[in-house]
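Worksheet for the structure shown next.
Residue numbers begin at 1 in each chain, while the letters A, B, ... track the order of the sequences. Below, all heavy atoms of this structure are taken into account, side chains as well, without hydrogens, waters or symmetry copies.
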Protein chains: 2
Amino acid sequence: MKQAKKKAFRDFITQKGLKSTRQRDVILDCFLASARHISIEELYLKLRAKNPNIGYATVYRTLKLFAESGIAREIQFGDGQTRYEHATEGEHHDHLVCTRCGKIIEFENETIEKLQEEVAKSHGFLIENHKLELYGVCSLCKK
Amino acid sequence: MKQAKKKAFRDFITQKGLKSTRQRDVILDCFLASARHISIEELYLKLRAKNPNIGYATVYRTLKLFAESGIAREIQFGDGQTRYEHATEGEHHDHLVCTRCGKIIEFENETIEKLQEEVAKSHGFLIENHKLELYGVCSLCKK
DNA sequence: GTTGCTTTTGAAAATCACTTTCATTTATTG
DNA sequence: CAATAAATGAAAGTGATTTTCAAAAGCAAC
């Protein structure tokens, strides 16, 4: 599955006439080896540990490419930081976000999705994408 | 209902030992007379029309107070601008956001809320608040 | 209403998360 | 290997929001 994403990104690069560079490889490896929802800052710091002179801008640019290529997805939890999650083809999930420790749990719920479609339809709306986040306290922080 | 909010804010001010100022009155009036989802920029410009020397910072600070007092709620639709909506005690609504014209439609759906609770419970999560936004094309923009 | 103390205000500077610029370096292609 | 086009890193630039700070305005007790 990591291989599949690497291939997907390589294909994207070739198809767009872009270049395959050492930085892009390094960033991709680091991204794929990271938690499912990583902020740019976090990824940048992780990268700097091994690659002391990789540029901030390069990380930003590369993550945008990941999103474009479909292997990552931008998400924002309202804390002012953009995060990137590993995107899996055609899949979408929603999030439970712990406001205490920052833990993020993913979930999917068919019924909710269906109801969303109904709501949209009743307003003549065509849904392109959606965002559902439940903010609260996770089981560990509740204690 | 506007009176209720004015009172609620006055009460908040007193209870917190803050001061009632001309600016806060003006901003509150302007906010209450505005569309349900107004950006800070929009509100600021509206205010400047009548109060040429009100400060940007004051508007920001005051809107934060509104949110704290419960008469307004911060929302972000991912366009990089914070908006404030009129908050009604204990009520929460979700949004349909047209990605073409920016129109925002509010909706509420009991069943979705109930399902959210179930999802949360199954993860031992305690929901404090949530955010559901459906992005897409509104009926007018579809044509 | 005047005094004294605290909060608020506005303007400008600072911050924060990105984005752009640009000279230099690096891939790819002939 | 040269030519060319894209990518990189450092630094400057953005845009939204915050902070700073001196001056102004509320509020309470005289």
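You won't find any donor-acceptor pair under 3.5 Å spanning the side chain of B/Lys19 and the base of D/dA25, going by distance alone.
To the nearest angstrom, C1' of D/dG15 lies 13 Å from CG of B/Asp79. Distance, A/Asp25 CG to C/dA27 P: 10 Å, rounded to whole Å. Between B/Lys16 atom NZ and D/dC27 atom P the separation is 17 Å, expressed in whole Å. One atom, CZ of B/Arg48, and another, C1' of C/dT9, lie 13 Å apart when rounded to the nearest Å. When rounded to the nearest whole Å, the span between CD of A/Glu68 and P of D/dA7 equals 11 Å. Between B/Glu74 atom CD and D/dA16 atom C1' there is a gap of 12 Å when expressed in whole angstrom units. For A/Phe12 and D/dA6, the CZ to C1' distance is 14 Å, given to the nearest whole Å. In this structure, the CZ atom of B/Arg24 is 13 Å from the C1' atom of D/dC27, given to the nearest Å.
Just one of B/Thr62, B/Thr58, B/Asp29 meets the side chain to side chain contact (heavy atoms under 4.5 Å, CB included) condition when paired with B/Arg24; it is B/Thr62.
Of the two residues contacting DNA chain C, namely A/Leu18 and A/Glu41, the nearest-nucleotide position lying further toward the 5' end is that of A/Glu41. Mapping B/Ile13 and B/Tyr44 onto DNA chain C via the closest heavy atom, the residue that lands nearer the 5' end is B/Ile13.
Residues that satisfy the side chain to side chain donor-acceptor pair (under 3.5 Å) test with B/Glu133, not counting sequence neighbours, are B/Tyr135.
Terminal axes of the helix from C/dG1-D/dC30 to C/dG30-D/dC1 (five pairs each, C1' rotation axis) are separated by 30°, to the nearest 10°.
The stretch residues 49-65 of chain A comes close to DNA chain C through A/Ala57, A/Tyr60, A/Arg61, A/Lys64, each having a heavy atom under 4.0 Å from the strand.
Here B/Gln23 reaches the OP1 or OP2 of C/dG10: one of its side-chain N or O atoms lies under 4.0 Å away. Dashed line: the shortest gap from a side-chain N or O of B/Arg22 to OP1 or OP2 of D/dA25 is not under 4.0 Å.
Picking from D/dT8, C/dC18, C/dT8 the nucleotide with the shortest atom distance to the side chain of B/Thr21 gives C/dT8.
Here the closest heavy-atom approach between residue A/Leu32 and residue A/His86 is recorded as O-CE1, 3.6 Å.
Counting non-hydrogen atoms of other residues, nucleotides and ligands closer than 6.0 Å to NZ of A/Lys142 gives a total above 12.
Atom NE2 in A/His95 sits 3.0 Å away from atom NE2 in A/His37 (nearest 0.5 Å).
By the 4.5 Å heavy-atom criterion applied to side chains, B/Arg83 and B/Ile38 are not counted as neighbours.
When ring centroids are compared, A/Phe9 and A/Phe66 come within the 6.0 Å threshold. Under the 6.0 Å cut-off for aromatic ring centres, B/Tyr56 and B/Tyr44 qualify, their centroids lying closer than that. For an aromatic pair to be called close, the ring centres must be under 6.0 Å apart, and A/Phe107 with A/His93 fails this.
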